[in-house]
Amino acid sequence: MTDQPRAAELDAFFRADPHARALGAELEAWGTGWARVSLDLGPRHLNFAGTPHGGVLFALGDVALSVASNSWGRKAVALSVDIQFVRLGTGRLVAEATERSRTRRTASYLIEVSDADGLVASLHAMAYRLSAWHLDEDGWPPAWRAAY
């Protein structure tokens, strides 16, 4: 996972995400600045043409983004996200979010959604990092809060 000082508490917090659960997404792994989330495509994820709905691909990428951008413990929200659909996905989808840059207030991410045959969609995101912290602010070591 990570050497993050409250990793176990954040892990439980991330895994309780009601949207991810409703989507059927599973948090496979995460660390500071990255996350990997998977989803087994089923009938509820398909559109009227019988192919994976673009909103499902976006939502899976967004779940990975939410974990990666909040992984430092500071609350973060998406400022912008754009997606490029590369091809139709099948079976198990995996979204991996990777932090590309981070400042005190913003961070950028590349999120790639893949299946067994390769890239399905690519998302680029910018997150806004709030001053508030997850869990309880006083529970974070002062040095961690100062650094991240």
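Bear in mind the structure is a predicted one, so any value in this text is a computation, not a measurement.
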Pair up each side-chain donor or acceptor in residues 45-63 with any protein partner under 3.5 Å, not counting sequence neighbours, and list the distances.
| from | atom 1 | to | atom 2 | distance (Å) |
| --- | --- | --- | --- | --- |
| His45 | ND1 | Gly42 | N | 2.9 |
| His45 | NE2 | Leu23 | O | 2.8 |
| Asn47 | OD1 | Ala49 | N | 2.9 |
| Asn47 | OD1 | Gly50 | N | 3.2 |
| Asn47 | OD1 | Thr51 | N | 3.2 |
| Asn47 | OD1 | Thr51 | OG1 | 3.2 |
| Asn47 | ND2 | Thr51 | OG1 | 3.1 |
| His53 | ND1 | Gly55 | N | 2.8 |

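- The salt bridge (Lys or Arg N to Asp or Glu O under 4.0 Å) analysis of residues 19-39, with sequence neighbours excluded, yields the pairs Glu26-Arg92, Glu28-Arg36, Glu28-Arg92, Arg36-Glu96.
- Each salt bridge (Lys or Arg N to Asp or Glu O under 4.0 Å) pair with one or both residues in residues 102-115, not counting sequence neighbours, appears once here: Arg87-Asp115, Glu99-Arg102.
- Take Thr98 and apply the side-chain hydrogen bond (donor to acceptor under 3.5 Å, both in side chains) test, not counting sequence neighbours, and it matches no residue.
- Hydrophobic clustering (side-chain heavy atoms under 4.5 Å, transitive across Ile, Leu, Val, Met, Phe, Trp, Tyr) groups Leu27 together with Leu93.
- Residue Leu119 is found in a hydrophobic cluster whose other members, listed by chain and number, are Val86; membership requires side-chain heavy atoms under 4.5 Å apart, directly or through intermediates.
- Rounding to the nearest 0.5 Å gives a distance of 9.5 Å between NE2 of His134 and OG of Ser71.
- Applying the salt bridge (Lys or Arg N to Asp or Glu O under 4.0 Å) test to pairs two or more places apart or on separate chains, none has a residue in residues 63-83.
- Cluster annotation: Leu110 is not connected to Leu123 through the hydrophobic network of ILVMFWY side chains, with a link wherever side-chain heavy atoms come within less than 4.5 Å.
- By the side-chain contact (heavy atoms from CB on, under 4.5 Å) test, Asp138 pairs with Asp136, sequence neighbours left out.
- Residue Met126 shares its hydrophobic cluster (ILVMFWY side chains chained together at separations under 4.5 Å) with Val77, Leu79, Tyr128, Leu130.
- For residues 66-107, the ring pair (Phe, Tyr, Trp, His ring centres under 6.0 Å) pairs, not counting sequence neighbours, are Trp72-Tyr148.
- Using cut-offs of 30° and 60° for the angle between ring planes, the Trp133 and Trp140 rings count as tilted.
- Applying the ring pair (Phe, Tyr, Trp, His ring centres under 6.0 Å) test to pairs two or more places apart or on separate chains, none has a residue in residues 102-126.
- Ser108 and Ser101 form a side-chain donor-acceptor contact under 3.5 Å, judged by distance and modelled atom types alone.
- Annotation: side-chain hydrogen bond (donor to acceptor under 3.5 Å, both in side chains) contacts of Thr103 (sequence neighbours excluded): Thr106.
- In this structure Ala97 satisfies the side-chain contact (heavy atoms from CB on, under 4.5 Å) test together with Ala64, Ala68, Ile111, sequence neighbours excluded.
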